[in-house]
Amino acid sequence: MGGSTFSLSLILMLTASMLAVSMANKDWHFGFNYTNWPFKGGPPQSQNDIPGPRKIVVGGSENWQLNFNYTDWALKNGPFYLNDTLVFKYDPPTNDSTIPHSVYLLPNLWSFLTCDLRKAIMVANTTQGGGEGFEFVLKKWQPYYFACGERDGYHCKAGQMKFFVMPLFRQWH
Ligand SMILES: *[C@@H]1O[C@H](CO)[C@@H](O)[C@H](O)[C@H]1NC(C)=O
Ligand SMILES: *[C@@H]1O[C@H](CO)[C@@H](O)[C@H](O)[C@H]1NC(C)=O
Ligand SMILES: *[C@@H]1O[C@H](CO)[C@@H](O)[C@H](O)[C@H]1NC(C)=O
Ligand SMILES: *[C@@H]1O[C@H](CO)[C@@H](O)[C@H](O)[C@H]1NC(C)=O
Ligand SMILES: *[C@@H]1O[C@H](CO)[C@@H](O)[C@H](O)[C@H]1NC(C)=O
Ligand SMILES: [Cu+2]
């Protein structure tokens, strides 16, 4: 149903961002002027002028929770750059009415699309999102596939708690 269209658009998005990166890197060596580069455009508006790495709260004021479209959020708040910090905020499970969350890194696009956690790595457990939140630095030039690992992938699959980022180089010109 809607699932395959959704997956297709994700693949298209990833392909587009990879293409942008590889093209940009290629051009980089030729010293192009990036002022008008459509993909480089940089993070929109205010964030654009901050030269150093940014600290971004995942989901903004919605934090890290069920039924928020993080794919959409990542699209609208990207691109992200190397050394930017993503902050995951979620309440630790204090009683039965708190829904526990966590942060996992999935190994590849396919496990991301299918929310397959078998080879995923937990980067933050259910208590680490409390207080100021859990901070994850985008240190490497690679795609990062994030997902909540709770309920054996259910939060990822049905709760939309997943998104990916491909951090870009900040200093291109
Ligand atoms: C890059 O292009 C913009 C717009 O065309 C121009 O204003 C700027 O001076 C150029 N920068 C360099 C370093 O050539
Ligand atoms: C989430 O947002 C993406 C990108 O805007 C969109 O393609 C997708 O349909 C949305 N998912 C849901 C379940 O609304
Ligand atoms: C990221 O930070 C590390 C450590 O501070 C630094 O060595 C590295 O050059 C930075 N990378 C980029 C792309 O800014
Ligand atoms: C559970 O914990 C949350 C947050 O600490 C609190 O707001 C809520 O009232 C608690 N619920 C119960 C049933 O104790
Ligand atoms: C989560 O990780 C923190 C830091 O490593 C640790 O202190 C805590 O006991 C862990 N909590 C659970 C529920 O595993
Ligand atoms: Cu969750």
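Remember, it's 1-based here, ligands and their atoms both numbered in the order they're listed.
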Just distances here: any N/O of D72 and N/O of ligand 2 closer than 3.5 Å?
yes

Can you find a protein heavy atom under 4.0 Å from atom 11 (N) of ligand 5?
yes

Under 4.0 Å from atom 2 (O) of ligand 5, is there at least one protein heavy atom?
yes

When only distance counts, is T126 in polar contact with ligand 5, meaning an N/O pair under 3.5 Å?
no

Would you call E135-K55 a salt bridge at under 4.0 Å N-O?
yes

Pull out every atom of ligand 3 sitting under 4.0 Å from any heavy atom of N83, numbered as shown with elements.
1 (C), 2 (O), 3 (C), 8 (C), 10 (C), 11 (N), 12 (C), 14 (O)

Per-atom contacts, ligand 3 versus L82 - under 4.0 Å to a heavy atom:
13 (C)

Show me which atoms of ligand 2 lie under 4.0 Å from any heavy atom of Q160.
11 (N), 12 (C), 13 (C)

Taking 4.0 angstrom as the limit and counting only heavy atoms of N69, give me the atoms of ligand 2 inside it, by number and element.
1 (C), 2 (O), 3 (C), 8 (C), 10 (C), 11 (N), 12 (C), 14 (O)

Which atoms from ligand 5 have a heavy atom of Q128 less than 4.0 Å away?
2 (O), 4 (C)

Does a side-chain heavy-atom distance below 4.5 Å link T85 with R54?
no

Do the ring planes of [X] and [Y] sit parallel (below 30°), tilted (30 to 60°) or perpendicular (above 60°)?
| X | Y | result |
| --- | --- | --- |
| F169 | W141 | tilted |
| F134 | F136 | tilted |
| Y145 | F112 | tilted |

Measure the spacing between NZ of K157 and CG of L113 and express it to the nearest 0.5 Å.
12.0 Å

Looking at atom 14 (O) of ligand 5, what's its closest protein heavy atom, distance included?
N125 ND2, 3.3 Å

The test is ring-ring contact (aromatic ring centres under 6.0 Å, His included); show your working for F80 and W73 and say whether it passes.
CA-CA 12 Å; F80 301 102; W73 174 86; 5.7 Å; yes

